[in-house]
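Order of the sequence lines fixes the chain letters, A, B, ..., with proteins taken first and strands second; residue numbering starts at 1 for each chain. All values below were derived from every heavy atom in this structure, side-chain atoms included, with hydrogens, water molecules and symmetry-related copies excluded. Computed from a predicted structure; not experimentally measured.
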Amino acid sequence: MQDRKTFYITTPIYYPSGKLHIGNTYTTVAADTMARFKKMTGYDTYFLTGTDEHGQKIERRAQEAGKDPQTFVDEIVADTKKLWQLMDVEYDVFMRTTDPDHVKAIQRIFRRMLDQDDIYRSVYEGQYCASCEAFWTATQLVDGHGCPDCGKPTELVQEESYFFRMSKYQDWLIQYIEDHPEFIQPPSRANEMLQNFLRPGLQDLCVSRTTFSWGVPVDFDPKHVVYVWIDALFNYVTALGYMGDDDTLLQKYWPAQVQLVGKDIVRFHTIYWPIMLHSLGLPLPRQVFAHGWLLFGNDKMSKSKGNVVYPPPIVARYGADALRYYLMREMPFGADGNYTNRALLNRINSDLANDLGNLVRRTTAMLDKYFGGVIPAPNAYEAVDQALIDKTEALPPAFEEEMDALQFSQALQEVWRVVSECNRYIDLTQPWVLGRDESGTPRLQTVLYVLAEAIRVIGVLIYPVMPTTSRRIHQQLGIEDEALTTWDSINTFGALPSGGKVQQGEALFPRIDIEKDLAELEQGDQPEPEPEPTVPETPAKPEIAFDDFEKLSMKVARVISCEAMAGSDKLLQFRLSLGQEERTVLSGIAKYHDPATLVGRKVILLCNLAPRKIRGVVSEGMLLSAENPDGSLYLLFADDQVQEGAEIG
RNA sequence: CGCGGGGUAGAGCAGUUCGGUAGCUCGUCGGGCUCAUAACCCGGAGGUCGAGGGUUCAAGUCCCUCCCCCGCAACCA
C-alpha cells in the first residue's frame, strides 16, 4: 500500500460515432485540470478517459462508411487522441472498450453476476419496433401499439434475454444516497434520480442484446452481446485490472474520488453503476459530479442545427490555454453554460491580455529598464507591500478549497483578485516615479521584487488550467529552478531569489480585435456544420410489391378548420373535407405550422389507416408530411387544380 | 397537480443553506497615470431581485398562489 494519498478521476468514455466537440472537451479539460492540480499538490493521481466503442450505432455507422467496425473506431479514436493532445490533456490511461483485456473482464463480470443470481435468463416479451430496432415497455407505447420514437406500429416479439435484478438493490441505494449527500453532485441531481427513478421503483434491466453483434459476446451464450452500459461503465475498473491478471492498480486507486459525467448520463452513473458495483462487492466512487451542458447562445448544440463548436480552429488562433481558461472560468461547474465566440474573445482580452498578460509585461519591462533585467533583493516592507504579500499568501489555501469542490471558476476568480491587486499595487507605488532618481532605488527594488514574486505565485497557481502559460510566465521571470514552480514553493512569500535574469518575451496573450475576429470566426464556422447523413438515420425500407402500394388509399382533402389541441404542444386537430365526407384528423406538426394559415389548403390524407384515439379524440387517417433531418415536419400540399376527394395513386 | 433547473443593472452571472446597507465581470460615462498589450488605477450612472399575497422590527433570502423560460418525461396516425 502506498503512503501517498491517491486520487483517481475519470471522464465518461466517449461514444466515437463522430467528431468530438467542445462539450466533450469541456469535461475532459475539467478532469485534466483537476488531475494536474492533484498531482501538483502531492497526490498520486490517475486520470482515465477513453472511448465506448461498441453498440449498434457504431456498427451501423461503420457499415455506411463501408468499413468494419474496428477500423471505423480506430480512426475516430486516433482523432480523439489528437484532440486531447491539442488541448494539452495529459491522461494516464486511454481506455477502449474494444481492448481484449476489457472484453475478457466484462465476460467474467457477466458470468459472475449470473453465478450469484443477480442476472437471470428470461424471456423478454416486448413490443419491438423493427424500424428503430428497439424494445419498448407497455407504458411507453403510444396507445398500446405505437413506437414512441417513430410512431410506427410495434410488434409483439419474444426474445431470450438476460436481466439484472435492479429492484433487489433499490432500497439499499436509496439509503446509500441519503446517507452520503456528497455522492451525487450537485445535490439537485440526487433529487432528480430519487424522485424520477428510485422512489417510483426500478425495473429489472435487460442486459443483453441479440439484435446486433458489435459488442462483448456473452461467452456462455454467444448469440447475446452484453448490454453496452455494462460494458461501458465497468471500464472504470477494468482499466485498473479488475477481473484481469493484475489488479495492483485497482487496489491502489479504486474507489475513484471523482467521476465526471454530463447531465445526460447521470442515471447510468448514479443508479445502475452503484448497484452493479455493490453487487460485485466493490466500493462506490466517492463522488459522481454532473456538470451542465455547454449551450451555444441559448440553444442546445446539435449537428443538425449546425451550431456545434469544435476546438481546433479556436486553438489554432488563440492557443489551448485560452480555451481552457474560458471553459473553466466562464461558468460555474455544474450549471449549464453558454458558449459564444464573443464571450470567449472578451475573456481573452480582459482577463488574459489586459489583466494578466499586461501585468507580466509591465513588470518585466520595468525590471529591464531599471535593473537591467536582474531581479533585485527587497528592502524593508511597508504597509502597501505587506497588504499585497498577505493577499498572495492567503491565495493558495483559498484556491485549493475551491478546486477541491471542483469550483474552477471560483478558484480562478481568487487568482484574478490578486492579479488585480498587483495592477493596483503598481499604481499605488508608482515605480516610474521611484525610478526618476537614485533616492527611489531602495523602494523600487522592493516594489519590483514583490511584483515578481507575486507573479511567480500566480504562475504556479494557474498551472492546472493553463500549463503552457504557467511555464511561459516562469520563463519570462528567468526561473530555471523547477523547485520554484511547485506548490510547496508558494506557501510562504519570498522564495524567489534575487539575482535572476528576466527574459522579456512575446506578449502572453496579444489583444484581439474582437469585431474583426468574430467575423472571421463566423466565416470559418460556416463549412463546419457536418453534412448530416440524412439517409443513415432512416434505414432503407424493403422493396414492396405493387399490391402493397395498392393497399393504401390516399386522397386529396381540403382543410375546413384547424386548431391547436389543448394540452399538447405538438398536435393540431384538423377537420377535413373529402368532397363526400368529412373527417377529423390529428397531426403532430404544431411546432412547424400556424393552424390559421392551413385553412382552405389542400392536403394529402391516408384514408384507410385504422382510426386511432389520441388524447381522447379519434383521428381518422394520417396527413402526409415530410420530415427534415432535424426532425422538423412540413405538410405536403396538393395543387389547387385538384379537387377535394381526388384519389392519389 | 409528472420530475428537475431557472427568472437579480444594457449583457453574462454571484448572493437565497442560516432573513439584517444588493454584489461581481463586461459594456457605458467622467477622471487619473504613462511602467505596460489604446493597456492599468479611481469614481459615477444604471436594479420596485418575474408577479401578487403572507410571516417579521426587517424579505432577493422564509411561507402560499400565479406567470414565463429551459431540460427530462409524455405526446408527434
Side-chain angles (χ1 to χ4, degrees), chain A residues 139-140 142-143 145-146 148-153 186-197 199-200 263-264 266-267 292-293 295 298-300 329-332 334-338 340 342-343 346-347 349-370 409-410 413 416-417 420 422-435 444 447-448 451 504 506-512 565 567-572 585-592 605-606 609-615 617-625 627 631 633:
Chain A
T139 53
Q140 286 173 310
V142 181
D143 213 34
H145 61 281
D149 248 16
C150 65
K152 293 178 189 118
S188 55
R189 297 290 164 202
N191 264 334
E192 204 174 342
M193 292 304 121
L194 251 13
Q195 299 288 8
N196 276 321
F197 302 103
R199 296 225 166 87
K263 66 180 185 183
D264 54 330
V266 174
R267 193 170 100 225
W293 278 145
L295 309 174
N298 269 321
D299 258 350
K300 202 167 164 177
R329 173 61 235 262
E330 186 71 7
M331 44 248 157
D336 282 352
N338 271 318
T340 66
R342 185 179 289 278
N346 273 336
R347 279 282 173 210
N349 263 358
S350 70
D351 294 8
L352 298 181
N354 295 352
D355 291 347
L356 178 62
N358 185 47
L359 171 66
V360 172
R361 166 61 64 90
R362 62 202 299 214
T363 302
T364 51
M366 286 190 285
L367 281 163
D368 248 353
K369 182 168 177 181
Y370 299 121
S409 169
Q410 300 283 333
Q413 236 176 82
W416 254 255
R417 250 192 274 280
S420 268
C422 288
N423 277 319
R424 206 166 96 87
Y425 176 77
I426 296 179
D427 253 58
L428 292 174
T429 53
Q430 298 182 295
W432 55 91
V433 174
L434 297 172
L444 189 57
V447 166
L448 288 184
L451 277 172
Q504 245 206 83
E506 306 240 314
L508 254 25
F509 297 94
R511 256 185 83 81
I512 296 167
M565 223 181 150
S568 168
D569 53 355
K570 290 193 177 169
L571 286 171
L572 292 182
V585 172
L586 304 180
S587 184
I589 53 171
K591 282 189 176 169
Y592 314 102
L605 180 71
L606 177 58
L609 187 68
R612 181 78 187 285
K613 198 175 189 180
I614 299 164
R615 288 206 171 249
V617 175
V618 177
S619 178
E620 308 161 296
M622 174 164 76
L623 288 176
L624 298 194
S625 58
E627 181 172 1
L633 285 167

A.B. asks: Quote, to the nearest angstrom, the C1' distance that separates B/G15 from B/C75.
C.D. replies: 39 Å
A.B. asks: Hey, which of these two, A/Asn354 or A/Met622, hits RNA chain B nearer its 5' end, going by closest nucleotide?
C.D. replies: A/Asn354
A.B. asks: Starting at atom CG of A/Leu352, determine the distance to atom P of B/C40, rounded to an integer number of angstrom.
C.D. replies: 12 Å
A.B. asks: So, does the side chain of A/Asn358 form a donor-acceptor pair with the base of B/A39 at under 3.5 Å?
C.D. replies: no
A.B. asks: Which range-with-range stems can be found for RNA chain B when each stem has 3 or more Watson-Crick or G-U pairs in a row and both distances sit under 3.5 Å?
C.D. replies: B:2-7 with B:67-72, B:10-13 with B:23-26, B:28-32 with B:40-44, B:50-54 with B:62-66
A.B. asks: Look up atom CG in A/Leu352 and atom CZ in A/Arg511, then write down how far apart they are to the nearest 0.5 Å.
C.D. replies: 12.0 Å
A.B. asks: Quick check for you: to the nearest 0.5 Å, what is the distance between A/Leu356 atom CG and A/Cys422 atom SG?
C.D. replies: 9.5 Å
A.B. asks: Distance check, rounded to the nearest 0.5 Å: A/Leu624 atom CG versus A/Ser587 atom OG?
C.D. replies: 9.5 Å
A.B. asks: To the closest 0.5 Å, what do you measure between CZ (A/Arg347) and CZ (A/Arg342)?
C.D. replies: 14.5 Å
A.B. asks: Nearest 0.5 Å, what's the CG-CH2 distance between A/Asp355 and A/Trp416?
C.D. replies: 8.0 Å
A.B. asks: Grab the CD-C1' distance between A/Gln504 and B/U37 for me, whole Å please.
C.D. replies: 11 Å
A.B. asks: Just by protein heavy atoms under 4.0 Å, how would nucleotides 25-35 of chain B read 5' to 3' in B, S and -?
C.D. replies: -S-----BSSB
A.B. asks: Can you measure A/Leu356 atom CG to B/U37 atom P for me and round it to whole angstrom units?
C.D. replies: 15 Å
A.B. asks: If the C1' atom of B/U17 is compared with that of B/A11, how far apart are they to the nearest Å?
C.D. replies: 29 Å
A.B. asks: Which heavy-atom pair separates A/Leu448 from A/Tyr370 by the least distance, and what is that distance?
C.D. replies: CD1-CD1, 4.2 Å
A.B. asks: Could you tell me how far B/C63 sits from B/A39 if I compare only their P atoms? Round to whole Å.
C.D. replies: 46 Å
A.B. asks: A/Phe509 CZ to B/A36 C1': how many Å, rounded?
C.D. replies: 17 Å
A.B. asks: Is there a side chain to side chain donor-acceptor pair (under 3.5 Å) between A/Arg362 and A/Asn423 once you walk through the steps?
C.D. replies: CA-CA 9 Å; A/Arg362 62 202 299 214; A/Asn423 277 319; 2.9 Å; yes
A.B. asks: Quote, to the nearest angstrom, the C1' distance that separates B/A77 from B/G12.
C.D. replies: 45 Å
A.B. asks: Quick one: label A/Leu508 by what it contacts on the DNA or RNA (base, sugar-phosphate, nothing), any heavy atom closer than 4.0 Å.
C.D. replies: base
A.B. asks: Specify the residue among A/Gly357 and A/Asn349 whose closest nucleotide of RNA chain B lies further upstream toward the 5′ end.
C.D. replies: A/Gly357
A.B. asks: Between B/C64 and B/U21, how far is it from one C1' atom to the other, in whole Å?
C.D. replies: 29 Å
A.B. asks: For A/Ile426 and A/Pro431, which heavy atoms make the closest approach, and how far apart are they?
C.D. replies: O-CD, 3.2 Å
A.B. asks: Give me the distance, rounded to whole Å, that separates B/C35 from B/C40 when you measure between the C1' atoms they each carry.
C.D. replies: 10 Å
A.B. asks: Kindly compute the distance separating CG (A/Leu586) from CG (A/Leu623), expressed to the nearest 0.5 Å.
C.D. replies: 9.5 Å
A.B. asks: What distance, rounded to whole Å, do you find between the two P atoms, one in B/A59 and one in B/U25?
C.D. replies: 28 Å
A.B. asks: With sequence neighbours left out, what residues match A/Gln504 under side-chain contact (heavy atoms from CB on, under 4.5 Å)?
C.D. replies: A/Arg361, A/Thr364, A/Ala365, A/Asp368
A.B. asks: Please report, rounded to the nearest Å, how far the C1' atom of B/A36 is from the CD atom of A/Glu506.
C.D. replies: 16 Å
A.B. asks: Rounding to an integer number of Å, can you tell me how far A/Arg342 CZ sits from B/C13 P?
C.D. replies: 16 Å
A.B. asks: Roughly how far apart, to the nearest Å, are B/A36 and B/G50 at atom P?
C.D. replies: 47 Å
